[in-house]
There are 2 protein chains.
Amino acid sequence: MIEDSRKILSEHSVSITNPRILVLEALLEFGNPITIDELQSKLKGAVAKSTLYRVLNDLKKIKILNEFTSPDNSTVVELILEDHSHHHHLFCSDCGEVIDVELSEEFETMLNKEIENVQKKFNFEITDHRVEMFGLCTEECSNCK
Amino acid sequence: MIEDSRKILSEHSVSITNPRILVLEALLEFGNPITIDELQSKLKGAVAKSTLYRVLNDLKKIKILNEFTSPDNSTVVELILEDHSHHHHLFCSDCGEVIDVELSEEFETMLNKEIENVQKKFNFEITDHRVEMFGLCTEECSNCK
DNA sequence: AAATAAATGAGACTTATTCTCATTTACTGT
DNA sequence: ACAGTAAATGAGAATAAGTCTCATTTATTT
Ligand SMILES: [Mn+2]
Ligand SMILES: [Mn+2]
Ligand SMILES: [Zn+2]
Ligand SMILES: [Zn+2]
């Protein structure tokens with residue numbers, strides 16, 4: 001896992017430093033979207049707060065980190081890995097869990113057609129989109145009692 | 001417009017106060033999604049900061065205000081009016097403009113089917129969804145030079 | 001008009017993120 | 001391996017969005 005982290009950094013010509021390795025390892029190990037709070041606690045103070053934010057910005061700059069805001073306004077990040085294809089997110093409004101969701105190809109095709117229309121109508125160049133779904137996880141969630 | 005504001009408040013059994021009227025008027029007049037910053041400057045100090053946030057919370061509580069975060073992390077609000085049907089949003093990553101977008105009925109139908117599947121797969125009860133599109137407004141935008 | 005509960009304004013407070021700057025670390029070329 | 005240099009880090013100060021407190025004002029009910 002530490003080797004994966006080094007590889008990711010060198011492949012993007014970013015210098016290999018301890019804080020960067022630690023942050024990448026934590027993200028790789030968790031494997032799911034994670035709030036910055038949770039990430040900080042996984043790091044157990046091994047990386048200074050200021051450095052953590054800097055590292056996350058570095059990862060955004062090289063386009064391997066996705067960041068978004070959950071409905072309870074916490075910031076969530078996730079690594080964008082090569083094998084990790086285009087997907088969307090499902091949020092539990094109760095416990096804050098964030099789940100990766102892949103929607104069908106037909107759906108994405110149809111969405112792209114809609115996007116085409118919107119581009120024309122508003123004279124925009126649309127580069128990205130997001131589908132978010134909100135609700136409650138009914139059972140088997142360790143956080144929601 | 002002041003009468004519309006009064007009507008909205010009384011219809012929701014919320015007491016009619018000056019700050020509430022002023023905020024509603026500003027939102028009605030602007031007519032589009034607006035950042036809290038912009039809203040504050042439209043109000044020109046007529047409503048205290050603390051009161052503005054309280055009023056916005058009141059409007060959320062009676063379900064006539066929608067709030068979301070734009071890609072530059074500013075908070076955007078919009079009134080939910082009766083005639084204003086289900087829609088989505090298009091964001092300009094350059095100037096921060098937020099535009100209301102209605103997608104086709106066929107698309108929404110298909111999205112609801114996808115949501116059905118996701119509900120089953122993850123044992124969730126999904127109550128809401130959002131489609132967001134990001135890009136650049138190419139011309140005729142007063143903010144993007 | 002008086003009584004009462006609710007709403008407001010002003011500013012203190014909280015807290016996520018950014019910034020500053022002195023020190024440390026990683027990379028480059030020898 | 002080593003020195004030189006630019007980049008990265010840690011610690012904590014600064015910033016700013018949003019919340020909270022509390023004394024005063026206002027809306028609503030009688
Ligand atoms: Mn994801
Ligand atoms: Mn809208
Ligand atoms: Zn849950
Ligand atoms: Zn623009």
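These figures come from a predicted structure and were not determined experimentally. In what follows, chains are A, B, ... by sequence order, proteins preceding strands, each numbered from 1.
Qualifying side chain to side chain donor-acceptor pair (under 3.5 Å) partners for B:Lys113, counting only residues two or more places apart in sequence or in other chains: none. For the side chain to side chain contact (heavy atoms under 4.5 Å, CB included) test, residues two or more places apart in sequence or in another chain that qualify with B:Ser5 are B:Ile21, B:Leu24, B:Glu25, B:Leu28. Listed by chain and residue number, A:Asp58 satisfy the salt bridge (Lys or Arg N to Asp or Glu O under 4.0 Å) test with A:Arg20 (two or more places apart in sequence, or in another chain). For A:Ala48, the side chain to side chain contact (heavy atoms under 4.5 Å, CB included) criterion is met by A:Ser50, A:Thr51, not counting sequence neighbours. Residues satisfying the side chain to side chain donor-acceptor pair (under 3.5 Å) test with B:Lys7, not counting sequence neighbours, are none. For B:Asp100, the side chain to side chain donor-acceptor pair (under 3.5 Å) test picks out B:His84, B:His87, B:His89, with sequence neighbours left out.
The stretch residues 66-80 of chain B comes close to DNA chain D through B:Thr75, each having a heavy atom under 4.0 Å from the strand. Less than 4.0 Å separates DNA chain C from at least one heavy atom of each of the following residues of residues 11-21 of chain B: B:Ser15, B:Thr17, B:Pro19, B:Arg20.
Applying the side-chain hydrogen bond (donor to acceptor under 3.5 Å, both in side chains) test to every pair with at least one member in residues 37-48 of chain B, sequence neighbours left out, gives these pairs: B:Thr35-B:Glu38.
Protein chain A contacts DNA chain C over a range whose 5' and 3' limits, counting nucleotides with an atom under 4.0 angstrom from a non-hydrogen atom, are C:dA16 to C:dC27.
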Between protein and nucleotides 1-3 of chain D, what N or O pairs are separated by less than 3.5 Å?
none

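With the end axes of the helix from C:dA1-D:dT30 to C:dT30-D:dA1 each set by five pairs, the angle from one to the other reads 40° at 10° resolution.
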